[in-house]
Amino acid sequence: MAGTSNRSLLIRDAGTGGAWSSPEMTAYTDEDHLQAIIADAPHHVPGVPDGAVALRELSTTAGPADVCIVDPNGEITVVECKLASNSERRRLVIGQVLDYAAAIWQAGAEAFHRQWARQCGPDLSSLDDGTRTQLDCNIGDGRIHLCLAVDRIDADLRRLIEYLNRITRDDVRVTALQLTYARHGDIEILTPSTFGAEVAAAKAHSSRTTRLWAKDAFLVALAPGAARTAAAELFTRIEGLDERKGTVEDLWFGRPPTGGVFLHPYGLRFAPLHLLAGPDGELLARGNWTNYPQLKAHPGFEQLAAFLGQDRTGPARKVSLVEVEIDRLWPIVLRCALQINAAEPAS
């Protein structure tokens, strides 16, 4: 509250040598104030590096997410801001941030980019192709980090954060950020402290050490037999294409265990589909007609979508490739790559 005394923090003007006194303000005016500080400096959020951009009140089907952050690695973090004076129980607040993340995942990457642009969020066009692809995959796979930003971390919140980190997947962070605030005249004082970052870092250690999929590691993750043979055949075919029409690597590897391997025939920018390793070692594929907002429902995906038993104007679902004839699939993949990279369809 404005004017509340805080005896733990005293200030004075060193130039005049005056008496020590309490700051004029030692609390946020409201939660909007806390939101603004985080959106202006998102790197205070645990695990978010410098260069990240943020949008306040991102609209979702579950309501507006207080702050949504996209970092230079294509990772996404949803932040919910609450003050100690707010009477909502902590478990309800955790439920809110989970609900927002679930809504972003359910709506998909194309809807996320559309809403971000509609609300005049910071330009994401500076993201390179690999980072943009990783961002879209993170949304599609529900790999969304969660943070609760507060003015005071209490024992109940610490217990919730620790538990959620233990039960969630290794590549999702759940953290709390405490930003203690004071102001005296034109001088603002911010003291950040965090909880959950070390637990989240520890559970993600194996993911970081393995870094991205490599071709051999992806093959080993597949069940021996038909799944591994089909993936190896696709890798051999794409690497055997001598003609180059672009500068992208033939294979773009996501982060294990849930990240995909994107196939870029001829080195072209947009990949027709990507491969995934199922939890039981099954080889899965998903078409990319929803991965690239500028190519959503592109007619070039028509034949590929039909081959996979889907509609290019609808959602892209994972399909097992174990029983698929690679000799039939591969020419369709090549035609799709050429068509979707030739030109964007007229809007």
Side-chain angles (χ1 to χ4, degrees), residues 1-11 22-48 52 54 56-58 60 62-69 75-104 144-184 188-204:
M1 310 283 188
T4 301
S5 175
N6 183 352
R7 296 297 181 186
S8 65
L9 177 65
L10 299 174
I11 62 174
S22 297
E24 296 170 355
M25 177 185 289
T26 57
Y28 297 95
T29 53
D30 51 29
E31 287 169 1
D32 184 77
H33 186 189
L34 178 56
Q35 278 186 34
I37 289 175
I38 293 172
D40 186 57
H43 60 274
H44 286 309
V45 173
V48 174
R56 296 178 60 189
E57 302 287 346
L58 176 72
T60 76
D66 284 353
V67 183
C68 186
I69 300 169
E75 298 195 349
I76 179 172
T77 303
V78 174
V79 183
E80 179 70 6
C81 302
K82 288 290 178 247
L83 301 180
S85 58
N86 193 308
S87 61
E88 290 181 278
R89 294 179 64 87
R90 295 299 192 196
R91 63 174 178 267
L92 296 181
V93 175
I94 290 290
Q96 281 182 292
V97 75
L98 286 168
D99 203 11
Y100 299 145
I104 292 171
I144 300 172
H145 305 302
L146 312 174
C147 179
L148 182 59
V150 296
D151 54 346
R152 190 184 73 245
I153 295 175
D154 60 19
D156 289 343
L157 180 58
R158 286 194 293 270
R159 183 185 67 247
L160 285 167
I161 295 296
E162 185 172 2
Y163 177 69
L164 286 171
N165 269 308
R166 291 184 181 278
I167 65 170
T168 52
R169 52 203 256 187
D170 290 346
D171 51 3
V172 172
R173 294 188 304 270
V174 184
T175 59
L177 169 65
Q178 175 179 294
L179 288 176
T180 305
Y181 176 84
R183 179 172 179 172
H184 191 76
E188 292 183 294
I189 303 165
L190 198 63
T191 308
S193 57
T194 65
F195 184 79
E198 291 184 0
V199 177
K203 73 172 186 174

State the [atom1]-[atom2] distance between [X] and [Y], to the nearest 0.5 angstrom.
X	Y	atom1	atom2	value
His33	Asp151	NE2	CG	11.5 Å
Leu34	Glu31	CG	CD	7.5 Å
Glu57	Gln35	CD	CD	4.5 Å

Which heavy-atom pair separates [X] from [Y] by the least distance, and what is that distance?
X	Y	value
Gly196	Ile161	CA-CG2, 3.8 Å
Ala52	Pro42	O-CG, 3.7 Å
Ala149	Val79	CB-CG1, 3.8 Å
Ala101	Ile144	O-CD1, 3.4 Å
Leu164	Ile94	CD1-CG2, 3.5 Å
Val78	Ala65	CG1-CB, 4.0 Å

Are [X] and [Y] packed together at the side-chain level, in the sense that at least one heavy-atom pair is separated by less than 4.5 angstrom?
X	Y	value
Leu148	Val97	no
Thr180	Leu190	no
Asp40	Ile37	no
Leu146	Thr77	no
His145	Ile76	no
Ile38	Leu179	yes
Thr175	Thr194	no
Leu58	Ile104	yes

Exercise for review: Apply side-chain contact (heavy atoms from CB on, under 4.5 Å) to the pair Tyr100 and Glu80, showing each step before the final yes or no.
Suggested key: CA-CA 9 Å; Tyr100 299 145; Glu80 179 70 6; 3.2 Å; yes
Open item on the list: I'd like to know if the side chain of Asn165 reaches the main chain of Val174, judged simply by a donor and an acceptor atom lying under 3.5 Å from each other, with no hydrogens or angles considered.
Closed with: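 The answer is yes, because a donor-acceptor pair under 3.5 Å joins these two groups.
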Walk me through it: do Arg56 and Asp32 pass the test side-chain contact (heavy atoms from CB on, under 4.5 Å)?
CA-CA 10 Å; Arg56 296 178 60 189; Asp32 184 77; 2.3 Å; yes
- Query: Does the pair Arg158 and Ile153 meet the rule for a side-chain contact (heavy atoms from CB on, under 4.5 Å), with working shown?
  - Reply: CA-CA 7 Å; Arg158 286 194 293 270; Ile153 295 175; 3.5 Å; yes
